[in-house]
**Q** 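What follows is a structure written as structure tokens; I'll ask about it next.
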Amino acid sequence: MDPSEVEFLSEKEIVTIIPNFSLDKIYLIGGDLGPFNPGLPVEVPVWLALNLKQRQKCRIVPPDWMDVVKLEEIRDQERKEETFAPIPSPYYMELTKLLLNHASDNIPKADEIRTLVKDIWDTRVAKLRLSADSFISLQEAHAKLDNLTLMEINTTRMFLLDSLNYMYKLRTNMHPGSDAARSQDY
């Protein structure tokens with residue numbers, strides 16, 4: 001899975017919009033949306049909110065967690081703990097990117113939010129790299145990946161897979177009489 005696929009999945013997340021048009025309920029395969037009345041908040045998937053915003057048909061209300069004070073708390077908690085702290089959205093990075101790129105005029109303190117989310121991301125990825133390094137150097141057989149997002153896992157996936165494959169090859173070469181050493185590589 002590449003980052004664009006993870007971003008696609010994030011577009012199914014629900015956000016609140018305030019439309020400036022009237023429309024009855026829309027019946028879609030994924031569920032019914034609406035009715036849309038000017039000035040009344042409606043919950044819709046991100047993909048629809050961005051589409052309506054681009055056509056100047058709505059204003060997007062940022063998610064509750066997309067607030068400077070809350071993001072500072074998350075950043076500080078992430079820096080204090082050795083393990084990964086719970087994140088308010090499984091797609092926090094992708095949603096921030098999408099909303100700030102397409103609706104920054106609807107998000108107060110957009111630049112500060114962008115910086116805080118980047119700080120959180122950098123802290124978490126650094127922890128992930130340290131964990132992966134420790135995992136490989138200690139030759140562990142399994143790892144616990146609690147509170148990681150799909151994008152975070154995706155960033156280190158190839159590194160971990162390659163490392164584990166090399167560890168497997170090294171282990172099987174150390175025991176030449178084992179069945180695994182006689183099996184072919186895929």
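Quick caveat, the model's predicted, so the values are computed rather than measured. Computed from heavy atoms alone, side chains included, the values below leave out hydrogens, waters and symmetry copies.
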**Q** Grab the two heavy atoms, one from P41 and one from G39, that are nearest each other, plus how far apart they are.
**A**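 Scanning both residues, the minimum pair turns out to be CD-O, 3.8 Å.
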
**Q** Does W65 share a hydrophobic cluster with L98, counting links as ILVMFWY side-chain heavy atoms below 4.5 Å and allowing steps through other members?
**A**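 Same cluster: W65 reaches L98 through Ile, Leu, Val, Met, Phe, Trp or Tyr contacts under 4.5 Å.
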
**Q** For side-chain contact (heavy atoms from CB on, under 4.5 Å), just list the numbers for I26 and D32, CA-CA rounded to whole Å, side-chain angles, deciding distance to a tenth of an Å, and then say yes or no.
**A** CA-CA 6 Å; I26 302 173; D32 302 341; over 6 Å; no

**Q** Taking atom CZ of R129 as the centre, report whether more than 12 heavy atoms of other residues, nucleotides or ligands fall under 6.0 Å from it.
**A**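 Open.
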
**Q** Nearest 0.5 angstrom please: S134 OG to K127 NZ, how far?
**A**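 These two atoms lie 14.0 Å from each other.
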
**Q** For the residue pair E152 / Y92, report whether a side-chain donor-acceptor contact shorter than 3.5 Å exists.
**A**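 Side chains of Y92 and E152: pair found under 3.5 Å.
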
**Q** Look at the side chain of K118 and the backbone N and O of M93, then say whether any donor-acceptor pair between them is shorter than 3.5 Å.
**A**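 Side chain of K118 to backbone of M93: no pair is present.
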
**Q** Would you say D162 has more than 12 foreign heavy atoms packed within less than 6.0 Å of its CG?
**A**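 Yes, the 6.0 Å shell around CG holds more than 12 heavy atoms from other groups.
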
**Q** To the nearest 0.5 Å, tell me how far K169 NZ sits from T172 OG1.
**A**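 Going from NZ on K169 over to OG1 on T172, the span is 8.5 Å.
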
**Q** Can you check whether L150 reaches P90 side chain to side chain, under 4.5 Å on heavy atoms?
**A**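 Answer no - side chains too far apart.
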
**Q** What is the distance from atom CE of M66 to atom CD1 of I107, rounded to the nearest 0.5 Å?
**A**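 So the CE of M66 and the CD1 of I107 are separated by 5.0 Å.
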
**Q** Quick check: does any side chain N or O of T115 sit under 3.5 Å from a backbone N or O of D111, one acting as donor and the other as acceptor?
**A**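 Answer holds: yes.
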
**Q** Is the backbone N or O of E5 less than 3.5 Å from a side-chain atom of D2, with the two atoms forming a donor-acceptor pair by type?
**A**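 Such a contact is found between D2 side chain and E5 backbone.
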
**Q** Within the 4.5 Å heavy-atom criterion, are W121 and T155 side-chain neighbours or not?
**A**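 Yes. Closest side-chain heavy atoms under 4.5 Å.
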
**Q** Less than 4.5 Å apart, any side-chain heavy atom of S22 and any of P38?
**A**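 Yes, side chains in contact.
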
**Q** Give the intermediate values and the outcome of side-chain contact (heavy atoms from CB on, under 4.5 Å) for residues I113 and V68.
**A** CA-CA 6 Å; I113 289 172; V68 172; 4.0 Å; yes

**Q** Is there a path of hydrophobic side-chain contacts, each under 4.5 Å between heavy atoms of I, L, V, M, F, W or Y residues, that connects F36 with L28?
**A**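 In one cluster with F36: L28, yes.
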
**Q** Rounded to the nearest 0.5 Å, what separates atom CD in E13 from atom CG in L99?
**A**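 Nearest 0.5 Å value for the CD-CG distance: 10.5 Å.
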
**Q** For a quick test of reading the model, state the closest non-hydrogen atom pair linking P35 to V42 and the distance between them.
**A**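 For P35 and V42, the tightest heavy-atom pair comes out as O-CG2, 3.6 Å.
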
**Q** Please enumerate all residues that pass side chain to side chain donor-acceptor pair (under 3.5 Å) together with Q77, with sequence neighbours excluded.
**A**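 In terms of side chain to side chain donor-acceptor pair (under 3.5 Å), with neighbours along the sequence ignored, Q77 is linked to E81.
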
**Q** Mark yes or no for whether S10, through its side chain, and E7, through its backbone, hold a donor-acceptor pair below 3.5 Å.
**A**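 Looks like yes, one N/O pair under 3.5 Å.
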
**Q** State, with a plain yes or no, whether a side-chain heavy atom of I120 is found less than 4.5 Å away from one of L71.
**A**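 Of all side-chain heavy-atom pairs linking L71 with I120, at least one is under 4.5 Å.
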
**Q** According to a hydrophobic-cluster definition based on side-chain heavy atoms being under 4.5 Å apart (Ile, Leu, Val, Met, Phe, Trp, Tyr only), do L95 and L9 belong together?
**A**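 Yes.
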
**Q** Counting N and O atoms only, with roles assigned by atom type, does the side chain of R124 sit under 3.5 Å from a partner on the main chain of A85, one being a donor and the other an acceptor?
**A**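 Flag set: sc R124 to bb A85 pair under 3.5 Å.
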
**Q** If you take all heavy atoms of E78 and T83, which pair is closest and at what distance?
**A**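 Answer, listing the atom of E78 first, then T83: OE2-O, 3.9 Å.
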
**Q** Determine the minimum heavy-atom distance between V6 and Y91, stating which atoms define it.
**A**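 Closest heavy-atom pair between V6 and Y91: O-CE2, 4.0 Å.
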
**Q** Do M151 and I153 sit in the same hydrophobic cluster, where Ile, Leu, Val, Met, Phe, Trp and Tyr count as joined when their side-chain heavy atoms come under 4.5 Å apart?
**A**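 No.
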
**Q** Within the side chain of N154, is there an N or O that forms a donor-acceptor pair under 3.5 Å with the backbone of M1?
**A**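 Here the side-chain-to-backbone pair exists.
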
**Q** State the CG-NZ distance between L116 and K70, to the nearest 0.5 angstrom.
**A**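 If we round to the nearest 0.5 Å, L116:CG and K70:NZ are 14.0 Å apart.
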
**Q** Heavy atoms, side chains only, cut-off 4.5 Å: are P108 and D67 in contact?
**A**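 A side-chain contact under 4.5 Å is absent here.
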
**Q** How about CZ on F21, more than 12 heavy atoms from neighbouring residues, nucleotides or ligands closer than 6.0 Å, or not?
**A**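 Yes, CZ of F21 has more than 12 neighbouring heavy atoms, counting only those of other groups under 6.0 Å.
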
**Q** Taking distance alone, no hydrogens or angles, what donor-acceptor pairs closer than 3.5 Å link side-chain atoms of residues 44-62 to residues at least two apart or in another chain?
**A**
from, atom 1, to, atom 2, distance (Å)
N51, OD1, R55, NE, 2.9
N51, OD1, R55, NH2, 3.3
K53, NZ, D105, OD1, 3.3
K53, NZ, D105, OD2, 3.0
K53, NZ, N106, OD1, 3.2
Q54, NE2, H102, ND1, 3.4

**Q** Which residue in the set L33, T16, V15, I17 passes side-chain contact (heavy atoms from CB on, under 4.5 Å) when paired with E43?
**A**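 One option only clears the test, and that one is T16.
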
